[in-house]
Amino acid sequence: MKRGLLIVAALASTLSLGVRAEEEEDYAGEWYAGGAAQLVFPQGGSRMRRLGGGAARVGRYLTESFALECEAAWLENSAALAARAVWHLHGWDEFDMLFGYERFDPFLSAGAKGWFHDGQVGPSAGVGAFYYLTDEWALRFDAEATLGLDTHVETVYSLSAGLQYFF
């Protein structure tokens with residue numbers, strides 16, 4: 001568990017150092033923050049309950065399509081920290097032709113997440129989408145799976161929906 005928490009802490013500290021990339025578009029260097037309601041579904045021997053909670057996120061775009069973010073999540077009997085990379089799939093002209101709507105923005109995410117109650121720490125991967133209400137506000141929907149490395153817990157699945165602000 002300690003090794004896994006160190007991985008999450010290292011990824012989070014990378015974000016806090018303000019990793020810089022060459023600005024490609026208007027999004028590069030843009031920060032965002034948001035909150036979400038979250039449902040958690042632990043599998044395989046977890047003592048965590050299957051219930052809802054909340055999550056807060058903060059992140060920074062390095063390019064138009066790539067961002068790094070940190071997340072703090074909480075439930076009635078558990079809390080989690082996560083660091084992840086988010087890759088947006090809106091970079092192709094064909095995307096707008098396929099979906100026909102520029103305010104819809106799907107993404108893939110990968111990183112590490114640690115749940116403190118069970119010691120569930122491991123790699124996480126997910127999919128999601130933004131729906132932009134304005135240039136600054138967006139609805140965000142995520143589905144994520146975290147694999148357990150050092151514990152008897154196999155996988156923790158989470159679904160979240162929330163609001164995000166870009167500044």
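In terms of heavy atoms, Ala36 sits closest to Arg57 at CB-NH1, 3.8 Å. For Thr146 against Gly122, the heavy-atom pair with the smallest separation is CG2-O, 3.8 Å. Across Lys113 and Ala80, no two heavy atoms sit closer than the pair CE-CB, 4.2 Å. The two residues Ala72 and Leu81 have their closest heavy-atom pair at CB-CD2, 4.0 Å. Contact record, Ala138 with Phe166: CB-CE1, 3.8 Å, taken as the closest heavy-atom pair. Among all heavy-atom pairs drawn from Tyr32 and Leu68, the shortest one is OH-O, 4.1 Å.
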Please assess His88 against Tyr61 for the test side chain to side chain contact (heavy atoms under 4.5 Å, CB included), listing each intermediate value before the final yes or no.
CA-CA 10 Å; His88 294 269; Tyr61 279 92; 2.9 Å; yes

Is there a side chain to side chain contact (heavy atoms under 4.5 Å, CB included) between Glu30 and Glu136? Walk through the geometry before answering.
CA-CA 11 Å; Glu30 186 173 277; Glu136 291 86 21; over 6 Å; no

Salt bridge (charged side-chain N to carboxylate O under 4.0 Å, His left out) for Arg84 and Asp142? Distances and angles first, verdict last.
CA-CA 13 Å; Arg84 69 176 63 91; Asp142 290 87; 5.8 Å; no

Leu163 and Leu139: CA distance, side-chain angles, deciding distance, side chain to side chain contact (heavy atoms under 4.5 Å, CB included) verdict
CA-CA 5 Å; Leu163 194 61; Leu139 297 174; 3.8 Å; yes

Verdict with reasoning, Ser65 to Trp87, per side chain to side chain contact (heavy atoms under 4.5 Å, CB included)
CA-CA 6 Å; Ser65 299; Trp87 181 52; 4.2 Å; yes

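A salt bridge does not link Asp105 with Arg140: none of the charged nitrogens is closer than 4.0 Å to a carboxylate oxygen. Taking 4.0 Å as the cut-off between side-chain N and carboxylate O, Arg60 and Glu69 do not count as a salt-bridged pair.
Linking ILVMFWY side-chain heavy atoms closer than 4.5 Å, directly or via other members, places Trp74 and Leu39 in two distinct hydrophobic clusters.
Among the candidates Phe107, Tyr165, Phe104, the single residue satisfying the ring-ring contact (aromatic ring centres under 6.0 Å, His included) test with Phe130 is Phe107.
Side-chain contact between Leu159 and Phe41 is present, with heavy atoms from C-beta onward closer than 4.5 Å.
Summarising the local packing, CZ of Phe66 is surrounded by more than 12 heavy atoms from other residues, nucleotides or ligands at distances under 6.0 Å.
Of the inter-residue distances, the one linking Ser160 atom OG with Glu71 atom CD reads 6.5 Å to the nearest 0.5 angstrom.
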